[in-house]
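Take a look at the structure set out below.
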2 protein chains.
Amino acid sequence: MPRAVEELHKFPKEEYLERIEKLMGLMEEKGVDSVYLSSGISFAYFTGFAYLATERPACMIITKKGGITFMGPSVEKDHLFSQTDLVSEIRTYLDYPGDEHPEVLFSRWIKELKLPSRMGVESMQFYPSAYGYEGPEIREGLPDLTLVPMGSDIYRLRRIKSDNEIEAIRETIKWGNLAHTYLQDYSADRRYEFEVSVEASLEASIAMKRTLGKSYTQKRFLSTPVEAVFMGQLGEHSAYPHSISADRPMKHGDILGTWAYADVEGYFSELERNMFLGEPDPKTYEFHQLLLKLQQTAFDAIVPGARGSDVDRAVHKFAKDHDLEKYLRHHSGHNIGLEMHEAPFLDVGDHTPIMPGMVFSVEPGIYVPKLGGFRHSDTVAMREDGPEILTYYPRETVELIIE
Amino acid sequence: MPRAVEELHKFPKEEYLERIEKLMGLMEEKGVDSVYLSSGISFAYFTGFAYLATERPACMIITKKGGITFMGPSVEKDHLFSQTDLVSEIRTYLDYPGDEHPEVLFSRWIKELKLPSRMGVESMQFYPSAYGYEGPEIREGLPDLTLVPMGSDIYRLRRIKSDNEIEAIRETIKWGNLAHTYLQDYSADRRYEFEVSVEASLEASIAMKRTLGKSYTQKRFLSTPVEAVFMGQLGEHSAYPHSISADRPMKHGDILGTWAYADVEGYFSELERNMFLGEPDPKTYEFHQLLLKLQQTAFDAIVPGARGSDVDRAVHKFAKDHDLEKYLRHHSGHNIGLEMHEAPFLDVGDHTPIMPGMVFSVEPGIYVPKLGGFRHSDTVAMREDGPEILTYYPRETVELIIE
C-alpha cells in the first residue's frame, strides 16, 4: 500500500505503538499497571502530541490494559485530536488555577479510572513547576496509590533512536545544511546577525515547505521551521560559547559561529561551523586548523565499545599535547533528539557506552578570550557497524571563508 | 550627569541594587544570612546576567554581609563579567557531569565560604532538572546547613514592577506595535505564516536596532529581537489557542490570530489581535464584535481593589449572558514580565488583589470549533490611580481587515 502524500514525512503509527510497547515492558519490569506521565516531551514521544507547556498542568495516564487518558487544560480540548488518535479519553478543566485546583480534579478523575494500586510516575509532582504553577505532590492527592518512580527509566527509553527517528534527524540535517549555505551566502560586513539569520532561515523554510508539501507539520513553536543562527557568536563575542547576542553588526575580520537545523517531527540536529568574514589572520587560521584536528581526534575515538568519557579524554589529551587545555569551555558532545541536549554526554565523567542507535553531537571547542571561539558541531549516529557522520557541510578553513 | 549613549536603554545599576535590597529584607524576615538562587530568571532579576540554562548546573549565593558568588559551568567564565559587575566571585567547573559532579564541587565551595548555618533556598534541589541533568538535593551535599525554603517569596518579589520595568515593557510594546503593523501589511493570500512573520519581525528589528543603537542588548535567545508571530492561528486552526503551526499557507477568508513583542532587558509584553484576510462573513463579524465587548467587560472590571477572580468572573458573566460560555478555553489573563506568563492570574480561582505596579495581559477569548478563534491581548499596568492600557494597536474589526 503506498502511503498518502500527507503521511510521507510523518512517523507511521507503528512508531508510537512500538514506543508504547517498550513502556509496557518497563511497566511489567516495575510491577505497575499504569504510568502517570507529566512532561510535554513524553506526550510527544509516546503519542506525537505537541503540547505547549505553560502554567497549565497536564498529564497522560497509560494503562497496561490499553488506553491513554489525557487530562489537561481546555486550550488543548480540540487541538489534541487534531494531532493524535492514540489518546482514548480526554478530560479538561477550563484553566489554572480554577475554582478547583486542577490537581484536585486529576486526583478525582484518576480515582474514577479505578486503577490498580501501583502506579509508575515520571516525577513525584503532578506537574513540573513553570510560569507560576504551584501544586502538591501526587501522594497528597492520591494517598491510596503506591507510587513507583520511573522518571529515569522513561527518560532512558529515548536513548536508542529507531530507524524512523534517525531518518527524521537526517531530514532535519538536510534542511539545516541548505539554511547554512544561505547563511554563508548572506553574511557580510555591516549586516546584523539576525538579518542574515532570518533571511537564510526563511529561504530554507520556504524550500522545505514547498518540497515536502502537506506531509510536513511543524511541531515546535519556532519562528521558522528551519533555523540558521549565530547565537551572538561574532568576532570577540564568539569566545563566549553561549553569547546569546552581540551588540554590533558583523564586520570584516570577524570569526563567526553558527548553528543550523530544522524541526522535523520535533527532532533537533546540530550543524555548527566557524565562518570567516575575510581571509583569517595567521593566528586565527592556526587555531582553526587545530580545531579541525581536535574534532578529528573525537571522531577517531568513537569506535564500537567506546564510552562517552573515552571520547572526551582523547580530546583532553590532544588539547593538553597542543597547549589548548586552557581554552576548553565544555565537553565534546551530547546526545540529541526531541531535546536539544540529552544524556548521555561525551564527557570525562560519563561512562555510558556509546550504543547503536544513539545520536550525538561531536563538538569539542576552543575559546580564546578576545580572539574568538572555534567550534564545529557534527551530528553522528552510532550504527551496528560503526559511527556515521550525518552532517556533511564543508569543514575546511578555506571552504568557510566569505570574501 | 547625562547617561552615556550605551546606557540609555539599559537599567541603571540602582535597579538591581534595589532588588537585592528587597531580597535582603526578605532574608531578614526569614532569619537567614545567605540565599542559594538556582533559576536563570533569578540570576537575570538580581544581577542582569542572562544565563542560557541547559543541563549545566549554576547557582548564585547572595550573603547579607554583601557579595554575590556565581558557581557554574566554564561556558560562562568570561561571559558573566561581560554582562554584570554585581557578581563579586565566580567559580566554575569545566562541564557536566565531569570527573566530580558539579554539586560535589558546589558543596565544597559553599563550605569554603563559611556561611552561617541558616541558608534560604529557591528550591530544595541544587538545580532544576533539565536536558538530562540529574543531581541530589541540597541537604545531601550540605547536611550541616539549615535550609529555609524561600522559592515562593523570591518569586513574589517580581510581582510588583518598578518604574524601570514598566518603562522596559512600554519599550517592548512600542516595537511590537511596529512589527504588528508590518504583519498586517504583509499578510496575504497564499503566503506561509512564517514568511509574513519573519519579514515583519526583521523589518521591525532593524528599525529598533538602528533607533536604539548601542544602548540595546538582546537578552533572550531569539531569532530576532522583535517578534510578530501567528503561532499557527490561521483560519480553522485559530480555534486552537495553542495551535503552534498550521500545515497550509494563508488563504482568503482566514481569521488570523497574532502575537507581537520585543525583547527589552529580557521583558515580555503581549499585543495580540485578530486580523481578517478579506471582508469577514456576518457570523465572523458578529463573533468579533462580541469579543470586543468581552474584552471591554474585562477592562471595565479592573478597578482599584479588584481581584483577578473579579475580572474573570465578570467575563464569565458576559459570556453566559451571550451564550458564549461553551466557547471559552482559558482565563482572562496573566501577569507578565521576565517570563511570558507569571502568577497571579486573572482567573476565577485567583483571589490576589490587583496592585499598583502589576502588569498583566487582558485577553479573554472565544474559540468556535471549525470557524476560528477570537482573541485580543492587551498589556495593562495597574498604576496608583487606576489601570493603564499600555498597548495601543487598533482594535476595531474594520481596522483589522486586510483587503
Side-chain angles (χ1 to χ4, degrees), chain A residues 50 52 54-55 73-79 82 94-99 101 131-132 134 152 155 192 194-195 197-198 201-202 205-206 209 214 216-221 223-225 227 229 231 239-245 247 328-331 339-343 345 347-350 369, chain B residues 50 52 54-55 73-79 82 94-99 101 131-132 134 152 155 192 194-195 197-198 201-202 205-206 209 214 216-221 223-225 227 229 231 239-245 247 328-331 339-343 345 347-350 369:
Chain A
L52 191 62
T54 63
E55 69 280 5
S74 65
V75 288
E76 302 298 353
K77 203 171 185 168
D78 312 298
H79 189 218
S82 77
L94 183 56
D95 211 332
Y96 171 83
D99 272 325
H101 193 290
Y131 293 128
E134 289 186 81
S152 301
Y155 184 87
Y192 290 120
F194 62 79
E195 268 184 277
S197 170
V198 302
S201 303
L202 178 58
S205 295
I206 291 174
K209 282 291 268 192
K214 285 186 183 173
Y216 177 79
T217 302
Q218 188 178 326
K219 292 279 192 164
R220 284 197 308 272
F221 177 37
S223 310
T224 44
E227 290 209 317
V229 297
M231 289 178 64
Y240 313 137
H242 287 181
S243 172
I244 301 181
S245 81
D247 284 332
L328 300 180
R329 291 288 180 276
H330 55 72
H331 49 217
E339 291 185 286
M340 199 168 65
H341 294 192
E342 295 180 353
F345 303 98
D347 182 284
V348 289
D350 197 321
Chain B
L52 192 62
T54 63
E55 69 280 4
S74 65
V75 289
E76 302 299 352
K77 202 172 187 168
D78 311 299
H79 190 218
S82 78
L94 182 56
D95 210 334
Y96 171 84
D99 272 326
H101 193 291
Y131 292 129
E134 289 187 82
S152 302
Y155 184 88
Y192 291 119
F194 62 79
E195 268 184 277
S197 170
V198 302
S201 303
L202 178 59
S205 295
I206 291 174
K209 282 289 269 192
K214 286 185 184 173
Y216 177 79
T217 302
Q218 188 178 325
K219 292 280 192 164
R220 284 197 308 272
F221 178 36
S223 309
T224 43
E227 290 209 316
V229 297
M231 288 179 63
Y240 313 137
H242 286 180
S243 173
I244 301 181
S245 81
D247 285 334
L328 300 180
R329 291 287 180 277
H330 55 72
H331 50 216
E339 292 187 285
M340 198 169 65
H341 294 192
E342 294 180 354
F345 304 98
D347 182 285
V348 289
D350 197 323

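So you know, we letter chains A, B, ... as the sequences are listed, proteins then strands, and number each from 1.
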Does any heavy atom of chain B fall under 4.5 Å from the side chain of A:Lys77, the backbone, both, or neither of them?
side chain
Pick one of side chain, backbone, both or neither for A:Asp347, based on which atoms fall under 4.5 Å of a heavy atom in chain B.
side chain
At a 4.5 Å cut-off on heavy atoms, which part of A:Glu227 comes close to chain B: side chain, backbone, both, or neither?
side chain
Run the numbers on B:Asp247 and A:Gln218 for side chain to side chain contact (heavy atoms under 4.5 Å, CB included), then give the verdict.
CA-CA 8 Å; B:Asp247 285 334; A:Gln218 188 178 326; over 6 Å; no
Can you tell me how far apart NE2 (A:His330) and CD (B:Glu76) are? Round to the nearest 0.5 Å.
11.5 Å
Side chain, backbone, both or neither: which part of A:Phe345 has an atom under 4.5 Å from a heavy atom of chain B?
side chain
Is a side-chain N or O of B:His331 found less than 3.5 angstrom from the main chain of A:Tyr96, in a donor-acceptor match?
yes
Can you tell me which of A:Gly98, A:Pro241, A:Ser243 forms the most heavy-atom pairs within a distance under 4.5 Å of chain B?
A:Gly98
Separation between NZ (A:Lys209) and OG (B:Ser245), nearest 0.5 Å, reads 6.0 Å
Hey, could you give me the NE2/CG distance between A:His242 and B:Leu52, rounded to the nearest 0.5 Å?
5.0 Å
Supply the atom-to-atom distance A:Ser205 OG to B:Glu195 CD, rounded to the nearest 0.5 angstrom.
9.5 Å
Got a second to check how far B:Leu202's CG is from A:Ser197's OG, nearest 0.5 Å?
9.5 Å
For the residue pair A:Ser223 and B:Ser223, what are the closest heavy atoms and their distance?
OG-OG, 3.4 Å
Under 4.5 Å from a heavy atom of chain B, the part of A:Val229 involved:
side chain
Min side-chain heavy-atom separation B:Phe194-A:Ile206 under 4.5 Å:
yes
Can you say whether A:Thr54 sits under 4.5 Å from chain B via the side chain, the backbone, both, or neither, judging by heavy atoms?
side chain
Given the rule in the side chain to side chain contact (heavy atoms under 4.5 Å, CB included) test, do A:Asp78 and B:Arg329 qualify, once you have shown the distances and angles that lead to the verdict?
CA-CA 10 Å; A:Asp78 312 298; B:Arg329 291 287 180 277; 3.4 Å; yes
Tell me the closest heavy-atom pair linking B:Leu94 and A:Leu328, and the distance in Å.
CD1-O, 3.5 Å
Contact origin within A:Pro73 toward chain B - heavy atom pairs under 4.5 Å:
neither
Relative to chain B, which of A:Ala50, A:Ser201, A:Ala343, A:Pro225 shows the most heavy atom pairs under 4.5 Å?
A:Pro225
Checking A:Glu342 against B:Tyr131 for the side chain to side chain contact (heavy atoms under 4.5 Å, CB included) test, could you report, in this order, the C-alpha distance in whole Å, the side-chain angles of both residues, the deciding distance, and whether it holds?
CA-CA 5 Å; A:Glu342 295 180 353; B:Tyr131 292 129; over 6 Å; no
Plane angle bin for B:Tyr240 and A:His79 - parallel if under 30°, tilted between 30 and 60°, otherwise perpendicular
tilted
